Structure formats: C-alpha cells, structure tokens
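Report on the structure given below.
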Amino acid sequence: MTRALLVVDVQNDFTEGGALGVVGGADVARRISGLLARQGDTYDVIVASRDWHDADSDNGGHFATDEQPDFVTTWPVHCVAGTGGAEYHPEFATDSVDVHVLKGQGEASYSAFEGSTEDGTALRDVLDANEVTDIDVVGIATDYCVRASALDAIHHGLTVRILTEFVAGVAPESSETALKELSDAGAVLA
Ligand code: VGL
C-alpha cells in the first residue's frame, strides 16, 4: 500500500475574511498542520492543491461578473493567481508538502485532478508515478472541491478516505449531502 494525503485548497480566500470565506476554514488549516506534525511521516506523498484562476477572465463562467453569484455554480472573484487570496492560509504549515498542484486557470476546476504541477505534470500522473493506491482527502470546501477531488480519486481507482475532522464546507446541508454521496461512491469517512 502506498498512501498519499491530498490537501485541497486551504487558501486565504476560502477562509474567514477571504473572498469566499468558509466558516471553520482557518480551524481546518490549523488542524491539518497538527495532522502533518503528528502523522505526516505516515504518508508516502503529500500533495496540496490551490485554486489559481485567471485575473482577466470569468474563468469559464465560474466568476459572477454581470450578476450576483449564486454560490452554487457562480462565485465572487476568488483565488486569482498571484494574489494574497490565492496563497495558502498562513496556519497551514506547508513544509512537508511534496507536490504543489495548481488548477482553475480559465476554468472552474473543482477537482484537484484537473490540476497540474508547475512543470505541467497532471496530478494523476504524479500519483501513478509514486504508485499511490490509497489517498486521504482533507481541505476546503467539503461540498465543492473536496467532493469533486475525492470522486475523481475514486474514479481513478484509488482507495479513498475523507478525514472528516479536517474538512470545512460552504453550507452545512450540501456538505452533508456531499459526504453521503462520497460514502455511497465507496469512500470511507474517517
Ligand atoms: C471552491 C467554490 C468555488 C472550493 C472553489 O475550493 O471548494 N468552492 N471555487
């Protein structure tokens, strides 16, 4: 068994005070740092993803430009590449992260599996090169990017666990629905 940890989008804009701040986001950043300090060495590969949208575009309709965001398919401008909002939350200790993935350049890209490293290697190829069989998924947001990333991990044939103390969602109801859907799809809620 080769186990990876995927930390999804623990970025300033998805935490309290950010453009799309999720309640509990900063707490998740702190908890993940604690997890890494205690158990980081039990993972063979640690990956972190960041939403990394273009500044000069609506990113395929992902940014609400002419109307109010509906917070389901359209969103306030967030995580624009190179801005403070797109940086990792300062309380997410990234020193043990082996692989950094960027996603969402010109498109929504909820899943980290749509992302790639700075040298253009797709996340799935990083995991395959490391012969990863199992993946734990944590981060923000439970009901959007964590959900989409974990579903893609299952579709990629990985054994998936969602560490539910280390996720935060946009809304309680859709987060609960997402966890149920992930469980039904074969993920273990740990
Ligand atoms: C996300 C809403 C919009 C996420 C990204 O990271 O879950 N949510 N864009």
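Numbering of ligands and ligand atoms starts at 1, following listing order. As a basis for the values below, the full set of heavy atoms in this structure was taken, side chains included, without hydrogen atoms, waters or symmetry mates. Just so we're clear, the structure is a prediction, and the values are computed from it rather than from any experiment.
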(message) Given a heavy-atom cut-off of 4.0 Å, could you list the residues near ligand 1 in chain and number order?
(response) Asp9, Phe14, Leu20, Asp51, His62, Trp75, His78, Tyr110, Ile140, Ala141, Tyr144, Cys145

(message) Keeping Asp44 on the side-chain end and Arg3 on the backbone end, is there a donor-acceptor pair under 3.5 Å?
(response) yes

(request) Check whether any side-chain N or O of Asp54 sits under 3.5 Å from a backbone N or O of Ser57 as a donor-acceptor pair, and report yes or no. (result) no

(request) Answer yes or no: is there a donor N or O on one side and an acceptor on the other, between the side chain of Glu16 and the main chain of Gly21, under 3.5 Å? (result) no

(request) Measure up the His62 and Trp75 rings against each other and bin them: parallel (under 30°), tilted (30 to 60°), perpendicular (over 60°). (result) tilted

(request) Sorted by first residue and then second, give each ring pair (Phe, Tyr, Trp, His ring centres under 6.0 Å) pair with at least one member in residues 171-190; sequence neighbours left out. (result) none

(request) Please examine the side chains of Val137 and Leu163, heavy atoms only from C-beta on, and report whether any two atoms are closer than 4.5 Å. (result) no

